Trainee: 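Following this message is one structure expressed as structure tokens.
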Amino acid sequence: MSTGVQTYYYSLYGELYESKRLTALTKAQKDYYEHLRVSYRDSLRNLQTTKSIWDTAEFLRTRHKYTDALHLLVKAYDNLDVSNRDMGYIAYAIADIYDKVDDTERVKQYLIISAISDIKNSVREYISLRRLAIILYEEGDVDRAYRYMRKSLEDATECNAKLRIFEVSDVLPIIDKAYDSMKAAERRHLTVGLAVVVVLLVLLVCMVFYTGKQLRHIAQARRQLLKSNESLAEMNSKLNSLNTQITSTNEQLNDANSRLRESNASLGEANKIKNIYIMEFMSKCSSYIDKLEAYRRSLNKLAAAGMVSELYRKLKSKTIIDDEVEEFFEDFDRIFLKIFPNFVSTFNALLRPEESIKPKHEGRLSTELRIYALMRLGIVENENIASFLRCSKQTVYSYRSRIRLRSLCPDDFENQVLRIE
């Protein structure tokens, strides 16, 4: 045979035994076909007068000289960009070598690069995305593993790559089952969360009515006490000589004071319960917003898998979540200022005059004021505050440090905030 025919012959049989190795059922078969593949690749390498990077790297890899093969491939990789189709091949070969030395993070890194190159160059018969999906599944990222495996199956079906379809079909049912289990668990959690929120809302309404009733009773007791004090003053000025009546009046006054102390104790307890339920309510509302966000992402995935495109475009938007968050903060500001109507003015009195904070809108709190409002309610940990306000712990720490330095008494500033009525 001519050199050209021999080259074709060896290349063809090398690819044939590679495919047979990938579809073999037993380890013995895989080893046998791998031995034949390596033999034909060696024959092809010995036949060619000019050795390509691929052949040299393959020769080194089959002889377990992974460092030398990696050095050769990385050198070629550095001269390419992701828009070059060769980038996908080289990145995949590098990932394959890192897989041999059990460096999973590097394997993922180069499989991602290879998959990006395949997509940019409209390659549909690829391996990188499928292998990446398997690694993600083994690491517990079922969501992305499911999406990547579905995409691999769609592309393999479109280009009628039967070997790729066989490879994907071998793994997809396992990932698909795990994905369905994960979604079922999320739906159960969402249902439980909604039920808890409804119960807390009912409890909050009951507490509001109870607190209002207690406040009216206390106001009435205070008015009665003021009337008693006025009567006592008048009686003391007019009936100094009547010791018996004075003694009787003092006893009445002591009884009224006792009732006032009991009423004040009841008010303190009511306020304590009110604060606890407000914190619980706000915490659950924040959790509910997160679950709604997770639900929106799950619907996006279903839409991407083939549902109505209009539904996909609508659910892809985060506007509904942003609106819910803004409404959530607005409700928090309104409820907090109803309970502590003088909070803003009292808080500014603790700061230097030139450092006072003025909210942009009437009846609303700024981010700084909202942080200290949560502290007044008993939420003092930066991590909990950051979770509530949907920002980072570093942001909360920076705000607290900056405001403390602007106060009149930095060392005792936060304790003074906790005593605001």
Side-chain angles (χ1 to χ4, degrees), residues 186-212 271-300 314-344 346-347 357-400 402-403 414 417-418 420:
E186 287 182 356
R187 287 192 293 271
R188 288 194 299 271
H189 293 162
L190 180 59
T191 301
V192 172
L194 289 174
V196 170
V197 169
V198 170
V199 171
L200 289 176
L201 285 173
V202 172
L203 290 176
L204 180 63
V205 171
C206 294
M207 287 304 304
V208 169
F209 282 113
Y210 175 76
T211 303
N271 283 335
K272 180 180 178 181
I273 295 173
K274 172 189 63 181
N275 287 339
I276 291 174
Y277 277 102
I278 287 176
M279 287 187 288
E280 287 292 333
F281 169 68
M282 293 303 174
S283 177
K284 293 300 180 182
C285 286
S286 179
S287 175
Y288 174 62
I289 291 172
D290 290 337
K291 289 182 174 62
L292 286 179
E293 171 66 4
Y295 182 62
R296 184 192 66 79
R297 290 199 303 268
S298 69
L299 291 181
N300 267 330
K314 289 182 179 180
L315 295 182
K316 190 175 181 182
S317 171
K318 293 184 65 177
T319 302
I320 186 173
I321 299 302
D322 295 337
D323 292 343
E324 289 292 336
V325 172
E326 181 58 27
E327 184 178 352
F328 173 72
F329 286 150
E330 182 178 355
D331 289 341
F332 171 77
D333 296 346
R334 176 177 54 79
I335 294 171
F336 182 81
L337 291 176
K338 184 177 180 180
I339 299 171
F340 302 99
N342 299 321
F343 179 81
V344 176
T346 306
F347 183 86
I357 300 173
K358 295 182 179 179
K360 294 182 179 180
H361 303 288
E362 183 71 22
R364 296 298 304 274
L365 300 174
S366 63
T367 301
E368 299 97 325
L369 290 172
R370 204 170 285 135
I371 289 173
Y372 282 96
L374 289 171
M375 292 179 63
R376 177 60 186 86
L377 293 176
I379 304 175
V380 297
E381 295 295 334
N382 287 343
E383 182 176 358
N384 295 334
I385 295 174
S387 175
F388 185 90
L389 296 180
R390 306 175 70 79
C391 63
S392 67
K393 290 195 297 183
Q394 185 60 40
T395 300
V396 175
Y397 177 79
S398 299
Y399 274 124
R400 290 178 65 171
R402 193 160 52 243
I403 295 298
E414 293 190 350
V417 172
L418 295 177
I420 292 178

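Since this is a predicted model, take the numbers as computed values, not measurements.
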Trainee: side-chain contact (heavy atoms from CB on, under 4.5 Å) between Leu374 and Asn384: does it pass, once the steps are laid out?
Mentor: CA-CA 10 Å; Leu374 289 171; Asn384 295 334; over 6 Å; no

Trainee: Are any non-hydrogen side-chain atoms of Asp333 and Leu369 less than 4.5 angstrom apart?
Mentor: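 Side-chain contact under 4.5 Å: no.
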
Trainee: So, for Glu368 and Ile403, which heavy atoms are closest and what is the spacing to 0.1 Å?
Mentor: CG-CD1, 4.0 Å

Trainee: Looking at Arg364, Glu327, Arg370, which one forms a side chain to side chain contact (heavy atoms under 4.5 Å, CB included) with Phe332?
Mentor: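 One option only clears the test, and that one is Arg370.
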
Trainee: Measure the spacing between CZ of Arg334 and CG of Leu365 and express it to the nearest 0.5 Å.
Mentor: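 If we round to the nearest 0.5 Å, Arg334:CZ and Leu365:CG are 12.5 Å apart.
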
Trainee: Considering residues at least two apart in sequence or located in another chain, which fulfil the ring-ring contact (aromatic ring centres under 6.0 Å, His included) criterion with Phe329?
Mentor: none

Trainee: Applying side chain to side chain donor-acceptor pair (under 3.5 Å), name anything that partners Thr346, two or more places apart in sequence or on another chain.
Mentor: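 Counting only residues at least two positions away or on another chain, Thr346 forms no side chain to side chain donor-acceptor pair (under 3.5 Å).
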
Trainee: Taking atom CZ of Phe347 and atom CD1 of Ile357, what is their separation to the nearest 0.5 Å?
Mentor: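 One finds 5.0 Å between CZ of Phe347 and CD1 of Ile357.
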
Trainee: With rounding to the nearest 0.5 angstrom, report the CZ to CG distance, Phe209 to Leu204.
Mentor: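 If I round to the nearest 0.5 Å, the distance is 10.5 Å.
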
Trainee: Does the side chain of Gln394 come under 3.5 Å of the side chain of Ser392 through a donor N or O and an acceptor N or O?
Mentor: no

Trainee: Can you name the closest pair of heavy atoms from Thr367 and Tyr399 and give their distance?
Mentor: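 That closest heavy-atom pairing would be CG2-CE1, 3.7 Å.
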
Trainee: Should the pair Arg400-Glu414 be classified as a salt bridge under the 4.0 Å nitrogen-to-oxygen rule?
Mentor: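 Salt bridge between Arg400 and Glu414, a charged N being under 4.0 Å from a carboxylate O: yes.
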
Trainee: Using 30° and 60° as the class boundaries, would you call the ring planes of Phe336 and Phe343 parallel, tilted or perpendicular?
Mentor: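 Phe336 vs Phe343 ring planes: perpendicular.
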
Trainee: Hey, could you give me each pair passing salt bridge (Lys or Arg N to Asp or Glu O under 4.0 Å) that has a residue in residues 384-395? Not counting sequence neighbours.
Mentor: Asp290-Arg390

Trainee: When you compare the side chain of Phe340 with that of Leu377, does any pair of heavy atoms fall below 4.5 Å?
Mentor: yes

Trainee: If I take atom CG from residue Leu389 and atom CG from residue Asn382, how far apart are they, to the nearest 0.5 angstrom?
Mentor: 11.0 Å

